[in-house]
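Chain identifiers are assigned alphabetically (A, B, ...) following the order of the sequence lines, protein sequences preceding nucleic acid strands; residue numbering begins at 1 within each chain.
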Amino acid sequence: MTFGKGHHLHLVDGSAFIFRAYHALPPLTRKSDGLPVGAVSGFVNMIWKMIEDNRGPDAPTHAAVVFDKGSHTFRNDLYDLYKANRDEMPEDLRPQIPLTREATKAFNIACLEQEGFEADDIIASLSCKARDAGGRVTIISSDKDLMQLVGDGVEMFDAMKNRRIDAEGVREKFGVGPDRVVDVQALAGDSVDNVPGAPGIGIKTAALLINEYGSLDELLERAEEIKQPKRRQTLIEHAEQIRLSRQLVSLDCNMDLDYDLDSLEVKEPEAEVVLDFLNRMEFRSITKRLAEHLGAEPPAMPEPKAEATPAPEMPEIDPDAYEWVKDEEALQRWIGAIRAKGAVAIDTETTSLNEMRAKLVGISLCVEPGQACYIPLTHRSEGQDGDLFGSDALAEGQMPMARALELLKPVLEDPAVLKIGQNMKYDLKILAAEGIVLAPFDDTMLISYAMHAGLHTHGMDTLADRYLGHTCIPIKEILGTGKSQITFDRAPIDKAVRYAAEDADVTMRLWRTLRPQLHTARTTTVYETLERPLVPVLAAMERRGVKVDRNTLSRMSSAFAQKMAALEADIHALAGEPFNVGSPKQLGEILFDRMGLPGGKKGKAGAWSTPADVLEDLATTHDLPARVLDWRQLSKLKSTYTDALQEHIHSDTGRVHTSYSIAGANTGRLASTDPNLQNIPVRSEEGRRIREAFVAEPGHVLVSLDYSQIELRILAHVAGIEALKQAFREGQDIHAMTASEMFGVPLEGMDPMVRRQAKAINFGVIYGISGFGLARNLRIPRDEAQGFITRYFERFPGIKDYMDDTTGFAKEHGYVQTLFGRRINTPEIGAKGPQAGFAKRAAINAPIQGTAADVIRRAMIRMPDAIEGLPAKMLLQVHDELLFEVEEGSVDALTAAAKEVMEAASLPAVDLSVPLVVEAGAGQNWAAAH
DNA sequence: GTACTCACG
DNA sequence: GACGTACGTGAGTACG
């Protein structure tokens with residue numbers, strides 16, 4: 001078949017795939033001989049994913065993976081420094097390059113390279129050819145150098161971001177259409193490829209110039225007309241260098257190719273060939289997965305040689321090897337094995353991710369990598385949908401739950417047997433509901449978090465992938481997705497055994513891999529004193545829940561609904577037409593297109609953006625935006641709080657049970673979900689009333705204790721600012737004191753506006769202050785804000801030193817630390833471009849926010865013992881606040897005890913040079929307790 | 001699924 | 001000189 005209309009060519013930037021795979025994966029080696037194969041395995045996974053993702057109506061008819069070949073190209077002849085600043089290829093990547101070619105061929109995909117040409121030129125020539133023949137092209141790459149090819153049926157696809165890039169996308173990146181991309185690149189240059197360009201001109205300026213003059217040639221010809229003297233001079237002086245740069249970035253569309261389009265026709269992979277390759281690479285899990293997909297037998301793997309020493313040594317994961325425990329005899333055997341080992345990895349399977357709704361379905365155990373079992377307990381027998389008889393009966397092959405738990409309870413509670421889990425808080429809560437108090441335990445999620453916060457997330461799939469090179473069986477393979485999704489108790493037991501026991505097996509392997517690393521990362525203390533002991537404390541808080549009064553919420557909902565309806569009518573009348581007030585896009589069209597109001601900005605998708613601060617500016621002169629702001633506030637309160645909260649009231653307890661994630665926030669803070677009880681309104685009067693629905697049981701009172709200015713106190717301590725420390729010791733108003741120091745105004749009779757500005761600066765410092773940010777917050781001109789900052793740093797030079805020291809430490813080590821040794825990794829700190837600013841500010845903020853988080857964690861961990869004997873329970877944590885429910889007569893005793901724990905929480909590990917002060921309040925509801 | 005908006009510390 | 005900006009979260013709605 002001749003390539004032409006209706007055909008679709010996929011061109012993959014193979015070199016980019018290799019580098020991404022190399023950097024994204026740990027350095028895996030082939031077991032039998034230690035050959036590095038990490039990049040190859042990543043490459044293979046990406047190719048396979050691409051094939052799978054591209055099945056369907058828009059599937060490519062032709063495809064090729066294109067590689068660079070040889071280091072010397074015609075561009076080096078033009079300019080000998082081209083790509084001269086490239087680092088040497090890493091030693092362990094070099095031998096993998098030919099293997100990726102082999103992999104491509106094994107998948108039956110054309111593999112293209114040509115001596116003396118970069119992959120980009122081959123891609124360019126093929127794209128042009130295909131386009132001229134009337135076909136379509138998708139270039140799978142995110143390389144900006146290829147963007148000049150986009151248009152007329154040629155698109156790019158960024159496989160990493162899963163995003164298509166068309167002419168509009170190019171325009172976003174370069175500010176000009178694809179046809180002018182080379183002009184912009186020629187001016188802006190490229191430090192990565194060492195293309196010189198015009199000094200001092202970046203993409204933005206380049207686009208500006210090209211748009212003004214139409215083209216690079218025109219611009220260079222009329223360079224004399226440029227108004228800015230520096231720019232004019234640069235362009236005139238460097239005209240030659242700019243022309244050379246254009247040659248360097250221009251892709252060759254007409255190179256003489258060794259192959260034609262027709263030879264690139266898509267062919268299905270041949271099972272035997274691809275499996276043989278994967279087998280030789282010893283990629284066990286992907287070999288298996290592909291074999292299943294292709295309906296072939298996986299070939300036998302060669303046995304690893306004895307001298308290979310991947311640490312720690314573990315057998316391959318094999319879900320077929322797991323045992324289905326059906327009776328008491330089998331379970332006794334496993335319990336014996338656990339006692340013999342002294343440690344077991346455990347995982348519970350349930351009907352729901354929500355621990356309060358979840359019912360136990362089965363338990364998996366693993367005593368040694370590869371040796372795992374699953375004990376199904378309450379699986380239902382399979383039956384057709386709507387089969388009223390079969391479906392509620394227990395399935396065959398399960399022992400009675402009560403008996404199984406009776407046998408397991410002694411081991412699970414045995415202080416001599418370590419239980420290992422991934423996210424143990426979940427299993428702890430599930431087992432607590434069955435009367436089992438599991439202890440002692442280790443948690444692989446928290447071990448990972450203590451070492452690697454900031455580097456990646458800590459879910460099992462991520463960890464298995466990164467540290468074991470293993471892809472876990474996806475849960476959707478067992479339960480399905482969407483509407484037809486079933487609960488775990490409906491899953492066939494043979495499948496459940498594979499999934500559940502694999503989880504326990506993987507957990508055991510992660511523990512063997514990660515636990516020994518804790519001390520080399522010097523984070524054992526963090527894990528043992530700040531992470532692990534918090535788990536049972538949180539589990540108890542979550543199970544207790546907080547009482548929420550449904551009637552209060554429901555009355556508020558109705559009131560909000562009425563007010564919103566009235567506002568909506570007003571808004572439509574003001575707009576002259578009905579529209580969806582909740583749609584920023586439609587609202588923007590009314591405000592900015594129709595009414596022609598100023599200040600409108602469009603977002604990434606090209607739709608109008610209408611954030612509150614913009615509307616607030618408009619509200620001073622127009623009614624419509626003012627009403628929209630009111631409507632939005634009510635809409636938020638109603639949907640997120642008065643409506644949604646009601647759905648979270650548990651039918652048995654009448655209380656709301658949030659779930660805290662311990663390893664969610666990088667800084668060490670907790671995060672609250674389902675529902676989030678850390679963002680219940682308080683700042684606005686109307687919103688605060690929602691807290692009236694959080695109530696104490698009859699005869700009880702809610703007590704709230706919160707740290708006063710804890711982050712600023714920590715800043716004063718770590719940066720060693722004597723004036724701030726002194727002010728805190730004397731109990732002064734810290735913002736007023738700052739204002740007084742900065743502006744030389746007396747504390748007495750201070751203008752509230754001046755204090756407000758000082759307050760904004762104090763907060764800004766904690767966030768890694770910038771002139772821009774402060775200006776926006778205070779709504780003052782940027783240079784004025786910058787002036788404030790300069791003055792602040794002059795007055796408190798220790799703050800500037802702290803910031804520089806912190807970012808310096810982050811650059812040197814790749815992480816920052818809290819006072820308690822918590823480590824927050826900062827992998828982006830060395831980045832160039834806008835991420836650098838983000839990373840820097842995050843690095844400045846993390847030790848402060850993180851130390852505050854550590855302090856309250858320590859208080860929470862000590863709290864159960866401190867209030868033991870009092871009729872009181874800790875219910876909620878909101879970053880610097882703890883909420884308790886206590887019997888009426890014991891308010892004072894509880895307040896005193898809890899306050900003491902909180903104020904002394906940093907001791908004895910850290911003796912702060914400023915006092916920690918806790919403020920307390922009590923009342924029938926949360927609003928009153930504040 | 002992503003973008004936008006907004007609630008909290 | 002240019003670039004894009006306050007730190008950390010979770011959730012609901014619109015829209016493709």
Side-chain angles (χ1 to χ4, degrees), chain A residues 161-163 188 198-206 208 228 230-231 234 580-588 601-615 628-629 632-633 635-641 643-645 648 658-661 664-684 687-688 690-691 706-707 709-711 760-761 763-778 782 785 789 824 832-850 852-853 856 877-881:
Chain A
K161 296 190 183 130
N162 218 2
R163 214 176 56 157
I201 291 190
I203 289 184
K204 292 281 151 147
T205 315
L208 205 76
Q228 298 88 336
K230 268 219 180 103
R231 257 181 220 172
T234 305
N580 184 350
V581 183
S583 163
K585 179 169 169 277
Q586 294 181 31
L587 175 65
K601 284 212 177 85
K602 289 194 176 176
K604 285 185 191 161
W608 287 108
S609 168
T610 58
D613 53 349
V614 171
L615 296 189
V628 171
L629 282 169
R632 274 198 187 160
Q633 194 198 0
S635 162
K636 176 78 178 181
L637 294 177
K638 180 168 187 296
S639 68
T640 309
Y641 301 106
D643 287 351
L645 223 37
H648 284 284
T658 184
S659 178
Y660 289 101
S661 46
N666 290 335
T667 52
R669 272 195 180 180
L670 301 177
S672 157
T673 61
D674 304 307
N676 182 353
L677 294 186
Q678 292 182 320
N679 73 344
I680 303 301
V682 69
R683 291 175 189 167
S684 79
R688 185 155 54 235
I690 289 171
R691 295 192 174 215
D706 69 291
Y707 284 106
Q709 310 282 9
I710 185 167
E711 293 192 353
I761 298 170
F763 275 108
V765 167
I766 292 170
Y767 297 153
I769 200 160
S770 79
F772 183 94
L774 184 64
R776 199 171 66 171
N777 193 300
L778 284 175
R782 195 178 152 170
I789 294 170
I824 298 113
K832 295 219 167 121
Q835 313 105 292
F838 282 114
K840 220 170 130 173
R841 291 191 295 271
I844 289 167
N845 174 258
I848 303 169
Q849 188 181 115
I856 197 165
Q877 188 249 45
V878 192
H879 308 309
D880 63 1
E881 172 189 2

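The CD1 atom of A/Ile761 sits 7.0 Å away from atom CG of A/Leu778, with the distance rounded to the nearest 0.5 Å. Note that NZ of A/Lys636 and NZ of A/Lys638 are 14.0 Å apart. Values are rounded to the nearest 0.5 Å. Between atom CG of residue A/Leu637 and atom CG of residue A/Leu645 there is a gap of 11.5 Å, rounded to the nearest 0.5 Å.
Within the 3.5 Å criterion, the main-chain N or O of A/Thr673 finds no donor-acceptor partner in the side chain of A/Ser659.
Contact between the side-chain N/O atoms of A/Thr610 and the OP1/OP2 oxygens of B/dT5 is found at a separation under 4.0 Å. For A/Ser609, a side-chain nitrogen or oxygen approaches OP1 or OP2 of B/dT5 to under 4.0 Å. Phosphate contact (OP1/OP2 of B/dT5, side-chain N/O of A/Lys636, threshold under 4.0 Å): absent. OP1 or OP2 of C/dC15 sits under 4.0 Å from a side-chain N or O of A/Gln586. Between A/Ser583 and C/dC15, a side-chain N or O to OP1/OP2 separation shorter than 4.0 Å is present. A sub-4.0 Å separation between OP1 or OP2 of B/dC8 and a side-chain N or O of A/Arg683 is present. Side-chain N/O atoms of A/Arg841 include none lying less than 4.0 angstrom from OP1 or OP2 on C/dT5.
Note on A/Thr205: only backbone sugar-phosphate atoms sit closer than 4.0 angstrom, heavy atoms only; bases stay farther off. Nucleic acid contact for A/Tyr641: sugar-phosphate only, since backbone atoms but no base atoms lie under 4.0 Å from a heavy atom of the residue. Counting non-hydrogen atoms under 4.0 angstrom, A/Gly837 reaches nothing in the nucleic acid. Residue-level contact check: A/Ala785 touches neither bases nor backbone, having no heavy atom under 4.0 Å from any strand. Residue contacts for A/Asn676: at a heavy-atom cut-off of 4.0 Å it reaches the sugar-phosphate backbone alone, with no base atom in range. Contacts of A/Gly582 with the nucleic acid, taken as non-hydrogen atoms under 4.0 Å apart, involve only primed sugar atoms and P, OP1 or OP2. Nucleic acid contact class of A/Ala644 (heavy atoms, under 4.0 Å, all strands): sugar-phosphate only. Across all strands shown, A/Arg163 has no heavy atoms under 4.0 Å from either base or sugar-phosphate atoms. Nucleic acid contact class of A/Ile848 (heavy atoms, under 4.0 Å, all strands): none. Within 4.0 Å (heavy atoms only), A/Asp880 reaches sugar-phosphate atoms of the nucleic acid but no base atom. Using a 4.0 Å heavy-atom distance criterion, A/Ser770 is classed as a base contact. Nucleic acid contact for A/Ile766: none, since no nucleic acid atom lies under 4.0 Å from a heavy atom of the residue. A/Ala612 comes within contact range of the sugar-phosphate backbone alone, with a heavy-atom separation under 4.0 Å but no base atom that close.
For A/Asn666, taking side-chain heavy atoms from C-beta onward, the closest of the listed nucleotides B/dG9, C/dT9, C/dA6 is C/dT9. Side-chain proximity of A/Arg669 to the nucleotides C/dG10, C/dA6, B/dG9 is greatest for B/dG9. Of the candidate nucleotides C/dT5, C/dA6, B/dC6, C/dA6 has the atom nearest to the side chain of A/Leu774. The side chain of A/Pro611 lies closest to B/dC6 when the candidates are C/dC7, B/dC8, B/dC6. Closest approach to the A/Pro584 side chain among C/dA6, B/dA7, B/dT5 is made by B/dT5 (side chain taken as heavy atoms from C-beta onward). With B/dG9, C/dA6, C/dG10 as the candidates, the nucleotide lying closest to the side chain of A/Gln849 is B/dG9. Closest to the A/Asn580 side chain, of the nucleotides B/dA7, B/dG9, C/dA14, is C/dA14.
A straight line from CZ of A/Arg688 to C1' of B/dA7 spans 14 Å, rounded to a whole angstrom. In this structure, A/Asp706 places its CG atom 9 Å from P of B/dG9, rounding to the nearest Å. Following rounding to the nearest Å, A/Ile710 (CD1) and B/dG9 (C1') show an atom-to-atom distance of 11 Å. Note: OH (A/Tyr707) to P (B/dC8) measures 23 Å, nearest angstrom. One interatomic measurement links the two molecules: CG of A/Leu670 to C1' of B/dC8, which rounds to 14 Å at whole-angstrom precision. Per the geometry, CD belonging to A/Glu881 stands 13 Å off P belonging to B/dC8, to the nearest Å. Atom-to-atom, CG of A/Asn777 to P of C/dA6 comes out at 10 Å; the value is rounded to the nearest Å. Taking atom CG of A/Asn845 as the reference point, atom P of C/dT5 lies 18 Å away to the nearest angstrom.
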- Message: Please evaluate residues A/Asn845 and A/Ile766 with respect to the criterion side-chain contact (heavy atoms from CB on, under 4.5 Å), reporting the C-alpha separation (whole Å), side-chain torsions for both, the decisive distance (0.1 Å), and the verdict.
- Response: CA-CA 6 Å; A/Asn845 174 258; A/Ile766 292 170; 3.6 Å; yes

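Minimum interatomic distance between A/Gln678 and A/Tyr660 (heavy atoms only, all atoms of both residues): NE2-CE2, 3.9 Å. Annotation for A/Arg688 and A/Arg683: closest pair NH1-O, 4.2 Å, computed over non-hydrogen atoms.
Comparing A/Phe772 and A/Lys230 along DNA chain C, the residue whose closest nucleotide (by nearest heavy atom) sits nearer the 5' end is A/Lys230. Remark on DNA chain C: of its neighbouring residues A/Arg231 and A/Arg782, the 5'-side contact belongs to A/Arg231, judged by nearest-heavy-atom nucleotide.
Across all strands shown, B/dT2 pairs with C/dA14; the Watson-Crick or G-U wobble distances both stay below 3.5 Å. Of the nucleotides present, C/dG8 is the one that pairs with B/dC8 by Watson-Crick or G-U wobble criteria, both distances under 3.5 Å.
Spacing of C1' atoms, B/dA7 relative to C/dA2, comes out at 35 Å, to the nearest Å. Comparing the C1' positions of B/dC8 and C/dG4 gives an interatomic distance of 26 Å, to the nearest angstrom.
Between A/Leu208 and A/Arg231, some side-chain heavy-atom pair lies under the 4.5 Å cut-off. The shortest distance between side-chain heavy atoms of A/Trp608 and A/Lys602 falls below 4.5 Å.
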